[in-house]
Amino acid sequence: MTNIEACIFDLDGVIVDTAVYHFKAWKNLADELGIDFTEEHNERLKGVSRMRSLEIILEIGSLDLPAVEKEKLAFRKNTEYLELVNQMTAAEILPGVTTFLADLKVRGIKIALGSASKNARTILEKINLLNQFEAIVDGTLVQKAKPDPEVFLLAARLLGVAPEHCVVFEDALAGVAAAKNAGMYCVGVGKPEILSQADQVISSFEGFSLEHIKTDIPA
Ligand code: BG6
Ligand code: MG
(Lines give C-alpha, C1' and ligand atoms only; values in the text may rest on other atoms or scores of the structure.)
(Ligands and ions follow the chains in the order given, each with its own letter.)
Protein backbone atom coordinates (compact mmCIF):
# COMPACT_ATOMS: atom_id res chain seq x y z
CA MET A 1 0.00 0.00 0.00
CA THR A 2 1.90 3.01 -1.25
CA ASN A 3 -0.30 5.60 0.40
CA ILE A 4 0.47 4.59 3.95
CA GLU A 5 3.19 6.92 5.18
CA ALA A 6 3.30 6.09 8.88
CA CYS A 7 2.39 3.38 11.36
CA ILE A 8 1.63 4.33 14.97
CA PHE A 9 1.77 1.60 17.58
CA ASP A 10 0.20 1.33 20.98
CA LEU A 11 2.63 -0.37 23.38
CA ASP A 12 0.88 -2.43 26.05
CA GLY A 13 -0.93 -5.33 24.40
CA VAL A 14 0.41 -4.57 20.91
CA ILE A 15 4.20 -4.71 21.21
CA VAL A 16 4.43 -6.44 24.61
CA ASP A 17 1.94 -8.11 26.91
CA THR A 18 2.45 -5.97 30.01
CA ALA A 19 -1.21 -6.41 31.04
CA VAL A 20 -0.12 -9.41 33.13
CA TYR A 21 2.32 -7.23 35.09
CA HIS A 22 -0.22 -4.43 35.51
CA PHE A 23 -2.66 -7.03 36.80
CA LYS A 24 -0.18 -8.52 39.27
CA ALA A 25 0.63 -5.11 40.77
CA TRP A 26 -3.00 -3.89 40.86
CA LYS A 27 -4.15 -7.24 42.30
CA ASN A 28 -1.71 -6.97 45.22
CA LEU A 29 -2.91 -3.47 45.96
CA ALA A 30 -6.58 -4.49 45.67
CA ASP A 31 -5.97 -7.42 48.04
CA GLU A 32 -4.50 -5.04 50.61
CA LEU A 33 -7.57 -2.82 50.27
CA GLY A 34 -9.88 -5.84 50.60
CA ILE A 35 -11.20 -5.44 47.04
CA ASP A 36 -11.97 -8.55 45.00
CA PHE A 37 -10.25 -7.60 41.72
CA THR A 38 -10.43 -10.24 38.98
CA GLU A 39 -8.78 -10.76 35.57
CA GLU A 40 -12.12 -9.91 34.04
CA HIS A 41 -12.08 -6.54 35.82
CA ASN A 42 -8.52 -6.07 34.51
CA GLU A 43 -9.85 -5.91 30.93
CA ARG A 44 -11.43 -2.57 31.84
CA LEU A 45 -8.01 -1.10 32.64
CA LYS A 46 -6.55 -1.66 29.17
CA GLY A 47 -5.64 1.61 27.48
CA VAL A 48 -6.77 3.54 30.55
CA SER A 49 -4.45 5.88 32.51
CA ARG A 50 -2.87 4.84 35.81
CA MET A 51 -5.07 7.09 37.95
CA ARG A 52 -8.24 6.14 36.10
CA SER A 53 -7.28 2.47 36.54
CA LEU A 54 -7.05 2.98 40.29
CA GLU A 55 -10.39 4.78 40.33
CA ILE A 56 -12.03 1.86 38.50
CA ILE A 57 -10.64 -0.56 41.11
CA LEU A 58 -11.88 1.67 43.94
CA GLU A 59 -15.29 1.82 42.25
CA ILE A 60 -15.36 -2.00 42.10
CA GLY A 61 -14.74 -2.04 45.87
CA SER A 62 -17.14 0.89 46.48
CA LEU A 63 -14.24 2.75 48.11
CA ASP A 64 -13.86 6.50 47.98
CA LEU A 65 -10.46 7.90 48.98
CA PRO A 66 -9.03 11.42 49.10
CA ALA A 67 -6.78 12.53 46.22
CA VAL A 68 -3.55 12.41 48.28
CA GLU A 69 -4.28 8.84 49.31
CA LYS A 70 -4.97 7.87 45.69
CA GLU A 71 -1.65 9.42 44.60
CA LYS A 72 0.18 7.32 47.21
CA LEU A 73 -1.56 4.11 46.12
CA ALA A 74 -0.88 4.78 42.41
CA PHE A 75 2.78 5.43 43.25
CA ARG A 76 3.02 2.17 45.20
CA LYS A 77 1.44 0.19 42.40
CA ASN A 78 3.84 1.73 39.90
CA THR A 79 6.87 0.90 42.05
CA GLU A 80 5.85 -2.75 42.09
CA TYR A 81 5.00 -2.67 38.36
CA LEU A 82 8.46 -1.25 37.57
CA GLU A 83 10.13 -4.06 39.50
CA LEU A 84 8.45 -6.47 37.09
CA VAL A 85 9.20 -4.29 34.04
CA ASN A 86 12.87 -4.17 35.02
CA GLN A 87 13.10 -7.91 34.45
CA MET A 88 11.73 -7.67 30.91
CA THR A 89 13.88 -8.59 27.91
CA ALA A 90 13.53 -8.55 24.12
CA ALA A 91 12.21 -12.12 24.39
CA GLU A 92 8.89 -10.58 25.48
CA ILE A 93 8.26 -8.72 22.22
CA LEU A 94 5.06 -10.22 20.85
CA PRO A 95 5.36 -12.62 17.86
CA GLY A 96 5.87 -11.01 14.46
CA VAL A 97 6.41 -7.46 15.77
CA THR A 98 10.17 -7.26 15.15
CA THR A 99 9.82 -8.58 11.59
CA PHE A 100 6.97 -6.18 10.83
CA LEU A 101 8.93 -3.17 12.17
CA ALA A 102 11.98 -4.16 10.11
CA ASP A 103 9.83 -4.45 7.00
CA LEU A 104 8.35 -0.97 7.57
CA LYS A 105 11.89 0.44 7.83
CA VAL A 106 12.90 -1.15 4.53
CA ARG A 107 9.84 0.36 2.84
CA GLY A 108 10.52 3.83 4.26
CA ILE A 109 7.33 3.92 6.34
CA LYS A 110 7.67 6.11 9.43
CA ILE A 111 7.16 4.50 12.83
CA ALA A 112 5.81 6.10 16.03
CA LEU A 113 4.60 5.01 19.43
CA GLY A 114 1.29 6.29 20.85
CA SER A 115 0.85 4.99 24.40
CA ALA A 116 -0.99 6.05 27.55
CA SER A 117 1.85 4.68 29.66
CA LYS A 118 4.26 6.93 31.50
CA ASN A 119 6.66 3.98 31.54
CA ALA A 120 6.77 3.57 27.75
CA ARG A 121 10.39 4.65 27.27
CA THR A 122 11.59 2.41 30.11
CA ILE A 123 9.80 -0.58 28.58
CA LEU A 124 11.10 0.12 25.06
CA GLU A 125 14.61 0.36 26.48
CA LYS A 126 14.24 -2.95 28.31
CA ILE A 127 13.09 -4.75 25.17
CA ASN A 128 15.68 -3.02 22.98
CA LEU A 129 13.25 -1.21 20.69
CA LEU A 130 13.81 2.39 21.76
CA ASN A 131 15.74 3.23 18.59
CA GLN A 132 13.09 1.85 16.26
CA PHE A 133 10.66 4.75 16.79
CA GLU A 134 11.05 8.11 15.12
CA ALA A 135 8.53 9.64 17.52
CA ILE A 136 7.47 8.47 20.96
CA VAL A 137 4.31 9.94 22.44
CA ASP A 138 3.57 8.58 25.90
CA GLY A 139 1.52 9.37 28.99
CA THR A 140 3.96 12.10 30.02
CA LEU A 141 3.25 14.12 26.86
CA VAL A 142 -0.52 14.12 26.54
CA GLN A 143 -3.20 15.93 28.51
CA LYS A 144 -6.23 13.98 27.34
CA ALA A 145 -6.48 10.22 27.64
CA LYS A 146 -7.69 7.86 24.89
CA PRO A 147 -10.40 7.86 23.42
CA ASP A 148 -9.32 11.47 22.88
CA PRO A 149 -7.24 11.51 19.66
CA GLU A 150 -4.48 13.74 21.14
CA VAL A 151 -1.87 10.98 21.51
CA PHE A 152 -2.12 9.85 17.87
CA LEU A 153 -2.48 13.36 16.41
CA LEU A 154 0.67 14.45 18.24
CA ALA A 155 2.55 11.38 16.97
CA ALA A 156 1.48 12.17 13.39
CA ARG A 157 2.50 15.81 13.82
CA LEU A 158 5.94 14.83 15.14
CA LEU A 159 6.41 12.54 12.15
CA GLY A 160 5.18 15.22 9.77
CA VAL A 161 2.50 12.94 8.30
CA ALA A 162 -1.18 13.82 7.76
CA PRO A 163 -3.58 11.72 9.91
CA GLU A 164 -5.23 10.20 6.83
CA HIS A 165 -1.91 8.62 5.85
CA CYS A 166 -1.41 7.00 9.26
CA VAL A 167 -2.35 3.49 10.37
CA VAL A 168 -2.78 2.84 14.10
CA PHE A 169 -2.34 -0.55 15.78
CA GLU A 170 -4.36 -0.88 18.98
CA ASP A 171 -5.56 -3.60 21.37
CA ALA A 172 -7.90 -1.55 23.56
CA LEU A 173 -11.39 -0.25 22.92
CA ALA A 174 -10.46 3.26 24.05
CA GLY A 175 -7.41 3.18 21.79
CA VAL A 176 -9.38 2.12 18.73
CA ALA A 177 -11.84 4.94 19.41
CA ALA A 178 -8.92 7.40 19.76
CA ALA A 179 -7.51 6.33 16.38
CA LYS A 180 -10.89 6.71 14.69
CA ASN A 181 -11.37 10.10 16.38
CA ALA A 182 -8.00 11.10 14.92
CA GLY A 183 -9.26 10.25 11.42
CA MET A 184 -6.80 7.37 11.07
CA TYR A 185 -7.16 3.83 9.76
CA CYS A 186 -7.14 1.43 12.71
CA VAL A 187 -5.97 -2.17 12.84
CA GLY A 188 -7.22 -3.82 16.02
CA VAL A 189 -4.90 -6.39 17.56
CA GLY A 190 -6.98 -8.92 19.45
CA LYS A 191 -10.53 -10.21 19.28
CA PRO A 192 -12.94 -8.91 16.56
CA GLU A 193 -15.93 -9.14 18.93
CA ILE A 194 -14.23 -6.71 21.32
CA LEU A 195 -12.57 -4.42 18.74
CA SER A 196 -15.58 -4.06 16.43
CA GLN A 197 -14.91 -0.33 15.91
CA ALA A 198 -11.56 -1.07 14.23
CA ASP A 199 -11.33 -1.05 10.41
CA GLN A 200 -9.89 -4.55 10.52
CA VAL A 201 -8.73 -6.89 13.28
CA ILE A 202 -5.72 -9.20 13.39
CA SER A 203 -5.01 -11.76 16.11
CA SER A 204 -1.24 -11.09 16.05
CA PHE A 205 1.56 -9.73 13.83
CA GLU A 206 2.71 -13.21 12.94
CA GLY A 207 2.75 -13.45 9.14
CA PHE A 208 1.32 -9.92 8.89
CA SER A 209 2.63 -7.36 6.39
CA LEU A 210 1.48 -4.07 4.86
CA GLU A 211 -0.24 -5.90 1.99
CA HIS A 212 -2.74 -7.25 4.51
CA ILE A 213 -3.99 -3.78 5.30
CA LYS A 214 -7.31 -3.42 3.60
CA THR A 215 -7.41 0.33 3.33
CA ASP A 216 -7.30 2.38 0.17
CA ILE A 217 -5.87 5.50 1.69
CA PRO A 218 -6.04 8.20 -0.98
CA ALA A 219 -2.73 9.56 -2.29
C1 BG6 B 1 -1.77 1.62 28.99
C2 BG6 B 1 -2.24 0.32 29.61
O3 BG6 B 1 -0.95 1.36 27.89
O4 BG6 B 1 -1.02 2.36 29.96
C5 BG6 B 1 -3.03 0.60 30.87
O6 BG6 B 1 -3.05 -0.38 28.68
C7 BG6 B 1 -2.18 1.43 31.83
O8 BG6 B 1 -3.44 -0.62 31.46
C9 BG6 B 1 -1.74 2.70 31.14
O10 BG6 B 1 -2.96 1.75 32.99
C11 BG6 B 1 -0.86 3.58 32.02
O12 BG6 B 1 0.34 2.92 32.29
P13 BG6 B 1 1.46 3.41 33.27
O14 BG6 B 1 2.65 2.58 32.86
O15 BG6 B 1 1.69 4.86 33.04
O16 BG6 B 1 1.00 3.13 34.66
MG1 MG C 1 -2.84 -1.29 24.74
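Both counts, for ligands and for their atoms, begin at 1 and track the order of listing. Along the sequence shown, the residues carry numbers beginning at 1.
- Note on ring orientation: taking the six-membered ring where Trp is involved, the planes of Phe208 and Phe205 are perpendicular (angle over 60°, cut-offs 30° and 60°).
- Contact annotation: for Ser117 versus ligand 1, heavy atoms closer than 4.0 Å belong to both the backbone and the side chain.
- Take the N/O/S atoms of Asp10: the one nearest the Mg ion (ligand 2) is OD2.
- The aromatic rings of Phe100 and Phe9 stand perpendicular to each other, their planes meeting at an angle above 60°, with 30° marking the opposite boundary.
- Nearest heavy-atom pair across Ser115 and Lys146 is CA-NZ, 4.0 Å.
- Looking at Asp12, its N, O or S atom nearest to the Mg ion (ligand 2) turns out to be O.
- Listed by atom number, the atoms of ligand 1 under 4.0 Å from Asn119 heavy atoms are 13 (P), 14 (O), 16 (O).
- Residues Glu80 and Asn28 form a side-chain contact, since some pair of their non-hydrogen atoms from C-beta on lies under 4.5 Å apart.
- For the pair Lys77 and Phe75, the cation-pi test (distance below 6.0 Å, angle within 45°) is failed.
- For Asp171, the N, O or S atom with the smallest separation from the Mg ion (ligand 2) is OD1.
- Taking the charged nitrogens against the carboxylate oxygens, Glu211 and Arg107 do have a contact shorter than 4.0 Å, which makes a salt bridge.
- Residue Val48 places a heavy atom less than 4.0 Å from ligand 1.
- When non-hydrogen atoms are compared, ligand 1 lies under 4.0 Å from the backbone of Lys118 as well as from its side chain.
- For atom 6 (O) of ligand 1, the nearest protein heavy atom (residue, atom name, distance) is Gly47 N, 2.7 Å.
- With Asn119 as reference, Asn78 is the one residue of Asn78, Thr18, Thr140 to meet the side-chain hydrogen bond (donor to acceptor under 3.5 Å, both in side chains) rule.
- Residue, atom and distance of the protein heavy atom nearest to atom 8 (O) of ligand 1 are Leu45 O, 2.9 Å.
- Using a 4.0 angstrom heavy-atom cutoff, Ser53 counts as in contact with ligand 1.
- In this structure, atom 16 (O) of ligand 1 lies nearest to the protein heavy atom Arg50 NE, 2.8 Å.
- Polar contact check, Lys46 against ligand 1: no nitrogen or oxygen pair lies under 3.5 Å apart.
- Protein heavy atom nearest atom 2 (C) of ligand 1, with residue, atom name and distance: Asp12 OD2, 3.5 Å.
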Could you give me the CA-CA distance, side-chain angles and deciding distance for Tyr21 and Gln87, then say whether side-chain hydrogen bond (donor to acceptor under 3.5 Å, both in side chains) is met? CA-CA 11 Å; Tyr21 302 137; Gln87 290 161 38; over 6 Å; no
Derivation of the salt bridge (charged side-chain N to carboxylate O under 4.0 Å, His left out) call for Glu55 and Lys70: CA-CA 8 Å; Glu55 283 165 1; Lys70 287 197 281 192; 3.3 Å; yes
